Amino acid sequence: MLRVRFAPSPTGFLHVGSARTFIFNWLYARRNGGTMILRLDDTDVERNTAASVSSIFEGLRWLNLGWDEEYKQSERLALHRQIAESIFQKDLAYRDFTPAHVGDTEKSGANQTWLFNPGMRELSRAESDRRASAGETFALRFRVPRGHGEQVRFADAVYGEQSKLADDIEDFALLRSDGMPTYHLASCADDIDLRISHIIRGQDHLSNTYKHALIFAAAGSSVPLFAHLPLLVAPDGSKLSKRRHGPVVSVTTYRDAGFLPDAFINFLCLLGWSPKDDRENMTRQELTDAFSLEGINRSNAVVNFKEPAATPDDTFDPKALWLNAEHIRALPIENLSERLSTIVQAAGLHVSPQKMSAITPLIRERIKLLQDVLTAADFFFVDQLPPYDASELFPQKGDAAMAQKVLDKAHAVLPQTEFQHDPLDQALRNAAQEIGVKAGQMFQPIRVAVCGRKNAPPLFETLQVLGKETTLARIDQAIDKLRNQAPA
RNA sequence: GUCCCCGUCGUCUAGCCUGGCCUAGGACAUCGCCCUUUCACGGCGGUAACACGGGUUCAAAUCCCGUCGGGGACGCCA
């Protein structure tokens with residue numbers, strides 16, 4: 001039975017790298033009829049936060065992939081201790097009475113090779129028992145085989161067969177002096193108990209895996225198959241970190257910026273995995289059908305975001321933006337319309353479902369993020385256009401006088417015109433001819449008058465949605481603006 | 001410092017295992033042209049990469065060795 005798990009530790013927001021790990025596990029499970037397990041690795045009471053737990057669920061819920069079983073590591077301490085005890089009874093672990101170091105002091109000392117604390121490995125069982133029953137606190141350390149040139153091995157579906165000299169592995173802790181299991185112990189104990197068959201996780205665990213192989217063997221369990229994923233890195237090549245790189249590494253940032261979950265999933269899949277047939281724009285189903293461990297790469301992938309982050313459009317990886325635009329265009333109009341409507345309402349603007357349905361086709365090819373609806377279609381939602389410069393009204397190769405002439409003419413013919421695409425097209429082209437300007441010169445001042453800017457959706461459809469009344473009112477305002485700006 | 005992993009266009013990647021079809025393919029980005037009432041979409045085209053050095057071979061992006069570069073792990077964090 002194929003069983004995979006995603007095991008985040010709730011010490012921060014859901015990270016894009018974690019999200020990708022989740023997605024790959026999910027894809028692998030779904031592709032092969034396996035079981036997807038979510039396990040909260042929350043043994044570090046000090047650093048866990050409720051906010052982090054909710055951020056993880058929030059992110060996963062947005063991805064909308066789901067899972068089949070759910071566990072909390074903190075509720076399984078008895079199991080962890082039991083496995084630690086059994087390893088200790090086999091003499092494959094020993095008590096270390098050396099006082100614990102505090103916090104990061106340990107870390108700063110890690111630029112020197114440390115394998116074990118002197119004296120503790122050799123302590124006799126009797127002496128060890130005596131000190132323990134005298135109330136001395138201790139950490140339980142794994143007794144890594146030393147001095148025999150023993151190799152520790154495991155199989156990795158991505159990186160191949162791995163082996164390392166046991167003498168190079170330190171006597172890592174299984175239990176802390178407060179009796180709590182360490183990550184290595186808890187993780188392996190749960191993987192054994194939950195009968196995990198494949199461990200798919202980030203490559204930052206690759207060198208920890210030797211320790212895990214040792215634990216599995218000591219607990220008398222078979223070793224699962226591993227698949228380590230290449231890391232997601234920042235443009236400068238460093239590991240993605242919340243502290244250094246900010247919101248772009250948090251999943252909810254993508255949600256809030258207007259990414260479609262499936263587009264985001266699609267993007268993440270392409271980082272470190274390839275279907276090998278040049279496809280890139282893929283649906284969830286296509287990804288599921290195409291996913292395999294063989295398609296996973298070995299080298300780190302850069303998430304190509306921009307550090308300074310001026311506007312949303314240039315903070316995100318351009319490929320993520322492109323994929324999102326593709327997914328937006330692939331959505332049925334009604335579906336897209338509802339999503340956009342939600343965003344418009346959230347911004348405090350009003351639009352009826354009918355009107356939004358009419359607007360959506362006009363902006364669908366012009367937005368990359370759902371949030372772009374606010375800038376692409378703003379003029380549909382407001383009563384009063386924001387101020388713009390009168391010179392914007394001038395047609396190409398034209399001046400204020402020509403703009404004036406065009407708008408006057410438009411104001412004269414529009415009241416008798418039916419506000420549908422073809423009649424508007426005909427009426428305005430005829431009008432252009434009558435006053436001796438090119439069609440483009442006719443359209444531009446009207447476009448600016450009703451939209452407040454030059455770049456906008458196609459004119460006739462826009463007028464149709466806006467309606468006769470609003471159109472004429474805005475043309476009136478534009479004419480006034482021209483008069484005020486250019487006195488006599 | 002010790003150990004481990006990685007190295008194809010700016011970025012994501014195909015090709016590497018099973019040398020020749022690779023004058024290295026695709027995509028994004030970028031530049032140009034076309035379409036066109038603006039913008040966008042779309043179409044066409046351009047620029048752009050096998051880290052370096054040795055081998056092995058008739059033949060190397062592909063196999064071997066070395067160098068350099070990058071990353072990761074080394075905690076009673078996960």
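What you see is a predicted model; the values in this text were computed from it and never measured. Chain naming here is simple, since letters A, B, ... match the order of the sequence lines and numbering starts at 1 in each.
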Just to be sure I understand the rule, does [X] reach a base, reach only the sugar-phosphate, or reach nothing, if contact means heavy atoms closer than 4.0 Å?
X: A:Phe267; result: nothing
X: A:Ala456; result: base
X: A:Gly202; result: nothing
X: A:Asn208; result: base
X: A:Lys454; result: base
X: A:Pro458; result: base
X: A:Glu326; result: sugar-phosphate
X: A:Pro8; result: nothing
X: A:His184; result: base
X: A:Glu280; result: base
X: A:Arg298; result: sugar-phosphate

Please state how far atom [atom1] in [X] lies from atom [atom2] in [N], giving the value in whole angstrom units.
X: A:Gln73; N: B:C77; atom1: CD; atom2: P; answer: 13 Å
X: A:Leu115; N: B:U2; atom1: CG; atom2: P; answer: 13 Å
X: A:Asp41; N: B:A78; atom1: CG; atom2: P; answer: 9 Å
X: A:Phe379; N: B:C39; atom1: CZ; atom2: C1'; answer: 11 Å
X: A:Leu231; N: B:C12; atom1: CG; atom2: P; answer: 13 Å
X: A:Leu270; N: B:C28; atom1: CG; atom2: P; answer: 12 Å
X: A:Gln162; N: B:C6; atom1: CD; atom2: C1'; answer: 12 Å
X: A:Asn455; N: B:U38; atom1: CG; atom2: C1'; answer: 6 Å

Separation of the [atom1] atoms in [N] and [M], to the nearest angstrom:
N: B:G26; M: B:A49; atom1: C1'; result: 14 Å
N: B:U2; M: B:C21; atom1: C1'; result: 46 Å
N: B:A61; M: B:C22; atom1: P; result: 13 Å
N: B:A27; M: B:G1; atom1: P; result: 44 Å
N: B:C16; M: B:A73; atom1: P; result: 31 Å
N: B:A24; M: B:C68; atom1: C1'; result: 24 Å
N: B:G70; M: B:U8; atom1: C1'; result: 15 Å
N: B:U23; M: B:A48; atom1: C1'; result: 16 Å

Between [options], which nucleotide has the shortest distance from any of its atoms to the side chain of [X]?
X: A:Val302; options: B:C12, B:U37, B:C74; value: B:C12
X: A:Ser207; options: B:U38, B:A73, B:A78; value: B:A73
X: A:Thr182; options: B:G72, B:C6, B:A78; value: B:A78
X: A:Phe443; options: B:U13, B:A78, B:U37; value: B:U37
X: A:Ala301; options: B:C5, B:C77, B:C12; value: B:C12
X: A:Ser299; options: B:C6, B:A78, B:C76; value: B:C6
X: A:Arg447; options: B:C41, B:U38, B:C4; value: B:U38
X: A:Lys319; options: B:C76, B:C28, B:U37; value: B:C28
X: A:Trp322; options: B:A27, B:G71, B:U13; value: B:A27
X: A:Pro318; options: B:U38, B:A29, B:G72; value: B:A29

For [X] and [N], is the shortest distance between a side-chain N/O and OP1 or OP2 below 4.0 Å?
X: A:Arg366; N: B:C41; result: no
X: A:Lys239; N: B:A73; result: yes
X: A:Arg329; N: B:A40; result: no
X: A:Thr43; N: B:A78; result: yes
X: A:Asn300; N: B:C5; result: no
X: A:Asn297; N: B:A14; result: yes
X: A:Arg141; N: B:C76; result: yes
X: A:Gln441; N: B:U37; result: no

Exercise. Heavy atoms, side chains only, cut-off 4.5 Å: are A:Arg453 and A:Tyr388 in contact?
Worked result: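 No, too far: nothing below the 4.5 Å cut-off.
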Problem set entry | A:His80 and A:Leu175, any side-chain heavy atoms less than 4.5 Å apart | no
Problem set entry | Polar pair under 3.5 Å, donor/acceptor by atom type, side chain A:Ser177, base B:C76 | yes
Return the nucleotide paired to [N]: Watson-Crick means purine N1 to pyrimidine N3 with N6-O4 or O6-N4, wobble means G-U with N1-O2 and O6-N3, both under 3.5 Å.
N: B:A14; result: none
N: B:G66; result: B:C52
N: B:G19; result: none
N: B:G1; result: B:C74

For this session: Run the ring-centre check on A:Phe316 versus A:Phe305 and record whether the distance is less than 6.0 Å.
Result: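 Centroid distance A:Phe316-A:Phe305: not below 6.0 Å, so no.
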For this session: Decide if the gap between the ring center of A:His421 and the ring center of A:Phe460 is smaller than 6.0 angstrom.
Result: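 For A:His421 and A:Phe460, the ring centres are under 6.0 Å apart.
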Problem set entry | Exceeds 12 heavy-atom contacts within 6.0 angstrom, atom NZ of A:Lys438 | no
For this session: Taking only Lys NZ, Arg NE, NH1 and NH2, and the carboxylate oxygens of Asp or Glu, determine whether A:Asp190 and A:Arg76 approach each other closer than 4.0 Å.
Result: yes
For this session: Using a strict 4.0 Å threshold on nitrogen-to-oxygen distance, state whether A:Arg39 and A:Glu70 make a salt bridge.
Result: no
Problem set entry | A:Phe216, A:Tyr210, A:Tyr159 screened by ring pair (Phe, Tyr, Trp, His ring centres under 6.0 Å) with A:Phe154, the one that passes | A:Tyr210
Seminar exercise, completed: Assign each of A:Thr137 and A:Val233 the nucleotide of RNA chain B bearing its closest heavy atom; nearer the 5' end lies the nucleotide of A:Val233
Exercise. For RNA chain B, whose closest nucleotide is more 5', that of A:Pro99 or that of A:Asn304?
Worked result: A:Asn304
For this session: Please name all residues satisfying ring pair (Phe, Tyr, Trp, His ring centres under 6.0 Å) with A:Tyr183, sequence neighbours left out, ordered by chain then number.
Result: A:His205, A:His212
For this session: For A:Arg95 and A:Ser128, test the side chains for any donor-to-acceptor distance below 3.5 angstrom and give the result as yes or no.
Result: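 Yes.
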